[in-house]
2 protein chains.
Amino acid sequence: MADTTGAGEPTLDEQIAAYQREFQDLDPQVEKIVSALSRLNRRMNVAYGRQTGALGISNAEWEVLKALVLSGVPYRMGPSELAKRLGLTPAAMTHRIDRMVAGGLVTRARDESNRVRVIVELTPEGREKWLEAMRLASVFEEDLLQDLSLAERSVLGEVLTRLLRRVEHAQPDAGGRLTDLD
Amino acid sequence: MADTTGAGEPTLDEQIAAYQREFQDLDPQVEKIVSALSRLNRRMNVAYGRQTGALGISNAEWEVLKALVLSGVPYRMGPSELAKRLGLTPAAMTHRIDRMVAGGLVTRARDESNRVRVIVELTPEGREKWLEAMRLASVFEEDLLQDLSLAERSVLGEVLTRLLRRVEHAQPDAGGRLTDLD
DNA sequence: GATGTAGTCTTTAGCTTCGAACTTTATCTT
DNA sequence: AAGATAAAGTTCGAAGCTAAAGACTACATC
């Protein structure tokens, strides 16, 4: 379970109509964008989960592999750095690393120059898993976007990064309004 | 914690560059769109979480309220219907309803015409909570999209629903490819 | 060099979820 | 009717998460 496939969910247009019925002062166009974004993301995560599952790892483990690989050679990071990157508590990171060490995806060693620190390092097996997952993911992503023209891709990318900048550089105040930080 | 704010995360462009370095056959434009989508969604969920938290409910409870309100008067649904809608197991639904009954957001009653069934019904307090949350959310969403022109909003909505249709009407096969169902 | 303080993990307790087994009620078959 | 089958929720045990407390190391200050 925990499919989040959205089976039995109303169509997007039905949902917008219901919103309009229950909450009048709502811009349907805004709501459509927001709802589509959220749904699209959930469906994509389900797809990623199926792919990583087929490789015998979880999405959670895939994220750790991703952080390590993207950090570049020699593929090492400390647990707290990883935790911050993934938005986890240090406690959760400890346990996740435990599982991944047991699965042979990473190794854990004490930093000899500073014995408080721990070094998590990607194993060759872990790197290979990530590559396999990436191969599947990139095929899926290409297929997903295949109907979009080059112009549409360009606009979509630009608009999304603009929105991203807005949430990142602004924080909602108590009333929920976004106020610029800089 | 569990902020998922992405503190200490590389910028989007740095991340794309790292992908290129570690995995050559990747279309940077595709990856930019996908990464932006995912990040944007995480940041938005954090914002929603702050807002619902300020109202004394969790995002999880907010989702149940949403499903009930959108179902329309008389705001009633069965646990399994709710579970399917939210992508939860029946077990998780049972517990979530327990908590919401305790919090006065919904009531639980046996259906007298079919005593296997249970009816979860929104309380006036629950409906009011949802309205408050919606007021905050709609302000946030308007602010988020404020820099987009009408034309851009229209294109964005159209493109996103097209992508959504593609994931919904197609399922990735074992190799990860999306194959049309109809 | 003893003591305090800060930083980095790990441990513990409690919560939410999933998967699977179980209970209760309705329905179908004969 | 009687018994099998199906459907709807709940209960149970394990996994993974958070928050808070604890343990250990490094470093500053006296």
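Quick note on labels: first sequence line is chain A, next is B, and so on, each numbered from 1. All values below were derived from every heavy atom in this structure, side-chain atoms included, with hydrogens, water molecules and symmetry-related copies excluded.
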Residues 93-106 of chain B side chain polar contacts: donor-acceptor under 3.5 Å, at least two apart:
residue	atom	partner	partner atom	Å
B:Thr94	OG1	B:Pro90	O	3.2
B:Arg96	NH1	B:Ala60	O	3.2
B:Asp98	OD1	B:Arg108	NH2	2.2

Rounded to the Å, how far apart are [X] [atom1] and [N] [atom2]?
{"X": "A:Ile97", "N": "C:dT11", "atom1": "CD1", "atom2": "C1'", "result": "15 Å"}
{"X": "A:Met100", "N": "D:dG16", "atom1": "CE", "atom2": "P", "result": "12 Å"}
{"X": "B:Arg96", "N": "D:dT10", "atom1": "CZ", "atom2": "P", "result": "15 Å"}
{"X": "B:Arg110", "N": "C:dA26", "atom1": "CZ", "atom2": "C1'", "result": "13 Å"}
{"X": "B:Arg115", "N": "C:dA26", "atom1": "CZ", "atom2": "P", "result": "7 Å"}
{"X": "B:His95", "N": "D:dT11", "atom1": "NE2", "atom2": "P", "result": "8 Å"}
{"X": "A:Met93", "N": "C:dT11", "atom1": "CE", "atom2": "C1'", "result": "17 Å"}
{"X": "B:Asp98", "N": "C:dG14", "atom1": "CG", "atom2": "P", "result": "19 Å"}

Could you check which of [options] has an atom nearest any side-chain atom of [X]?
{"X": "B:Leu88", "options": "C:dT17, C:dG7, D:dA19", "answer": "C:dT17"}
{"X": "A:Arg99", "options": "D:dT25, D:dC17, D:dT11", "answer": "D:dC17"}
{"X": "A:Val116", "options": "D:dT18, C:dC9, C:dT8", "answer": "C:dT8"}
{"X": "B:Asn114", "options": "C:dA26, C:dT8, D:dT25", "answer": "C:dA26"}
{"X": "B:Pro90", "options": "C:dC9, D:dT10, D:dT18", "answer": "D:dT10"}

Salt-bridged, [X] to [Y], with N to O below 4.0 Å?
{"X": "B:Arg162", "Y": "A:Glu152", "value": "yes"}
{"X": "B:Glu128", "Y": "B:Arg135", "value": "yes"}
{"X": "A:Lys32", "Y": "A:Asp27", "value": "no"}

For this session: Give a yes/no answer on whether the side chain of A:Arg117 brings an N or O atom under 4.0 Å of OP1 or OP2 in C:dC9.
Result: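 No, A:Arg117 has no side-chain N/O under 4.0 Å of OP1/OP2 on C:dC9.
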
Problem set entry | Phosphate OP1/OP2 of C:dC9 contacted by A:Ser80 side-chain N/O (<4.0 Å) | yes

For this session: Could you check whether B:Thr94 gets within reach of a base, just the sugar-phosphate, or nothing at all, counting any heavy atom under 4.0 Å?
Result: base

Exercise. So what does B:Arg108 hit on the nucleic acid, given a heavy-atom distance under 4.0 Å: a base, only sugar-phosphate, or nothing?
Worked result: sugar-phosphate

Exercise. Linking I/L/V/M/F/W/Y whenever any side-chain heavy atoms sit under 4.5 Å apart, do A:Ile119 and A:Leu86 land together?
Worked result: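 Hydrophobic grouping puts A:Ile119 apart from A:Leu86.
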
Exercise. Would a hydrophobic clustering, with Ile, Leu, Val, Met, Phe, Trp and Tyr connected at side-chain separations under 4.5 Å, put A:Phe23 with A:Ile16?
Worked result: no

For this session: Could you check B:Ile119 against A:Ala60 and say which one's nearest nucleotide on DNA chain D is further toward the 5' end?
Result: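 The residue mapped nearer the 5' terminus is B:Ile119.
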
Exercise. When the C1' atoms of the five terminal pairs at each end define the local axes, what inter-axis angle does the helix from C:dG1-D:dC30 to C:dT30-D:dA1 show, to 10 degrees?
Worked result: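 Answer rounded to 10°: the end axes differ by 0°.
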
Problem set entry | Donor-acceptor pair, side chain of B:Arg21 and main chain of A:Leu70, under 3.5 angstrom | yes

Problem set entry | Qualifying ring-ring contact (aromatic ring centres under 6.0 Å, His included) pairs with a residue from residues 38-60 of chain A, counting only residues at least two apart or across chains |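 Qualifying pairs, neighbours excluded: A:Tyr48-A:Trp62, A:Tyr48-A:Phe140.
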
